[in-house]
Amino acid sequence: MASAAFSVSSPAASAVAARSKAGPRAVPDRHSVPAYLRLVSVLGRGVSQGRSRTGCRVGITRKNFGRVMMALAVDVSRFEGVPMAPPDPILGVSEAFRADKNDLKLNLGVGAYRTEELQPYVLNVVKKAEKLMLEKGDNKEYLPIEGLAAFNKATAELLLGADNPVIKQGLVATIQSLSGTGSLRLAAAFIQRYFPEAKVIISSPTWGNHKNIFNDARVPWSEYRYYDPKTVGLDFEGMIADIEAAPEGSFVLLHGCAHNPTGIDPTPEQWEKIADVIQEKKHMPFFDVAYQGFASGSLDEDAFSVRLFVKRGMEVFVAQSYSKNLGLYSERIGAINVVCSATDVADRVKSQLKRLARPMYSNPPIHGARIVANVVGDPTMFGEWKQEMEEMAGRIKNVRQKLYDSLSAKDQSGKDWSFILRQIGMFSYTGLNKAQSDNMTDKWHVYMTKDGRISLAGLSLAKCDYLADAIIDSFHNLN
Ligand code: KET
């Protein structure tokens with residue numbers, strides 16, 4: 001990046017060097033002037049100054065400046081080889097939505113809860129907990145690497161049930177991490193370090209970021225069948241066959257509830273069979289629980305799958321998120337739990353998770369952890385949370401019903417839209433292909449992911465008719 005034009009033998013630079021108290025020995029040659037300093041010199045106006053690595057004060061006059069600037073202008077950036085990254089398939093949709101000036105626009109991209117007025121929602125119980133925290137005057141000291149102890153206790157209990165024997169026996173290694181994504185990423189780093197031969201199998205389709213997470217952690221992955229477009233339901237046979245065929249000891253990534261993006265979960269009987277084949281093949285179940293309480297409205301019901309595996313005495317990974325169920329999206333609060341078969345194993349696993357976390361992000365943020373710990377630890381607030389969660393889940397169910405009603409009433413083709421009612425959680429997987437999804441956005445200003453997923457949490461009853469028109473037009477007029 002250095003240009004031949006920047007030479008300390010130039011008259012101006014020599015003059016500066018001569019003025020330097022450090023004497024002639026400290027005159028910087030062009031290699032002793034760090035790149036940043038040369039750049040600073042170019043960007044500054046008039047005389048720009050700085051210190052070279054030798055500690056000598058250097059600077060160049062405006063007169064000399066022109067030459068340097070010209071030389072650098074034709075120089076090639078060190079970042080020339082960095083290509084433009086594509087927008088994120090989910091969060092990039094929100095960026096495009098913000099840029100659209102049309103009044104009809106609707107953001108059904110990201111899975112984030114909105115009120116009936118389509119406004120973001122901060123839970124009352126969260127405001128209450130924050131008020132208490134402020135009154136108490138809690139400090140902002142670093143948390144330990146594993147996070148807030150009260151949070152870690154609360155989160156494991158919420159997931160597994162407070163009287164689960166694995167908690168009582170100290171078999172659960174829990175680390176507070178950076179929400180669901182950070183917890184998954186930490187677990188992926190653990191897999192990469194301690195199971196370098198293992199691969200992860202993930203459902204087809206799955207939440208888009210799963211693939212990025214394992215790619216970045218250099219953990220090989222492949223897909224197992226999950227969604228059957230013909231039935232718009234679960235391809236259970238295919239799922240079982242693919243889990244069975246995976247190399248023994250694979251990690252099987254499962255959505256604990258409210259599968260994203262399909263909204264299709266296995267039945268309790270199917271979960272039993274999935275557990276059977278995972279156990280037979282000595283696979284490791286790895287649950288992603290991002291929607292506990294949001295699928296059914298009940299925290300316990302939505303933890304059914306995880307608890308089933310744990311009850312069988314299996315070792316299990318579980319990543320948790322409080323983005324959706326407590327609406328703490330930007331607080332980045334979640335955890336990775338590893339249920340182990342012995343206390344000393346849990347201790348060792350925890351120690352290694354901490355070791356991985358320390359150089360990655362050192363220790364997690366405290367604010368969201370305190371909110372969760374306060375809400376779960378206080379019976380009144382805990383009750384209020386459950387009620388608000390039921391209300392949120394209830395609003396989504398109402399919108400789901402209304403969308404189905406609107407589609408059924410408006411669509412004259414006889415198409416069966418009842419799959420929308422069978423899907424659960426925040427999303428509906430509409431079956432719209434990329435061209436149809438593009439039409440939804442380009443013509444109707446409905447922002448959604450290109451896999452045909454819409455977030456019903458971003459829809460209001462009032463907008464259901466409009467959305468139904470958009471879907472019918474896109475579905476029938478494009479293929
Ligand atoms: N797992 C799943 C299945 C998931 O849908 C999300 C978020 C996460 C983990 C991570 O959430 P976090 O906020 O890191 O705790 N999904 C929504 C938002 C996103 O893509 O980041 C979404 O699918 O819209």
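Worth knowing before you read on, the calculation uses all heavy atoms, side chains too, and leaves out hydrogens, waters and symmetry mates. First listed ligand is number 1; within each ligand, the first listed atom is number 1.
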Colleague: In terms of side-chain geometry, is the basic nitrogen of Arg395 or Glu116 positioned less than 4.0 Å from the acidic oxygen of its partner?
Modeller: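 Glu116 and Arg395: salt-bridged.
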
Colleague: Is the closest basic N to carboxylate O distance between Arg225 and Asp242 below 4.0 Å?
Modeller: yes

Colleague: Please give me the minimum heavy-atom distance between Phe294 and Asp302, naming the atom from each residue.
Modeller: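 Reported closest heavy-atom pair: N-OD2, 3.2 Å.
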
Colleague: Counting heavy atoms only, which of His210, His259, Lys324 is nearest atom 17 (C) of ligand 1?
Modeller: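 The option holding the nearest heavy atom is Lys324.
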
Colleague: Please work out, at 4.0 Å between heavy atoms, whether the side chain, the backbone, both, or neither of Arg185 comes within that distance of ligand 1.
Modeller: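 Near ligand 1, Arg185 shows nothing, with every heavy atom at 4.0 Å or more.
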
Colleague: Only heavy atoms count here, so choose which of Ser323, Ala319, Cys257, Ser321 is nearest to atom 13 (O) of ligand 1.
Modeller: Ser323

Colleague: If you measure from each heavy atom of Met426 to ligand 1, is any distance below 4.0 Å?
Modeller: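 No, that is not the case, since the closest heavy atom of the residue is not under 4.0 Å from the ligand.
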
Colleague: Search all heavy atoms of Tyr361 against all heavy atoms of Gln176 and return the closest pair with its distance.
Modeller: OH-O, 3.8 Å

Colleague: Does Lys443 come within less than 4.0 Å of Asp473, counting only side-chain N to carboxylate O?
Modeller: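 A salt bridge is present here (some side-chain N lies under 4.0 Å from a carboxylate O).
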
Colleague: Can you tell me which portion of Thr181 lies within the under-4.0 Å heavy-atom range of ligand 1? Options are side chain, backbone, both, or neither.
Modeller: both

Colleague: Using heavy-atom distances, let me know which of Ser94, Gly182, Ser179, Gly109 sits nearest atom 15 (O) of ligand 1.
Modeller: Ser179

Colleague: Could you name the option among Ile213, Asn260, Thr449 that has the heavy atom nearest to atom 5 (O) of ligand 1?
Modeller: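 Looking at heavy atoms only, the winner is Asn260.
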
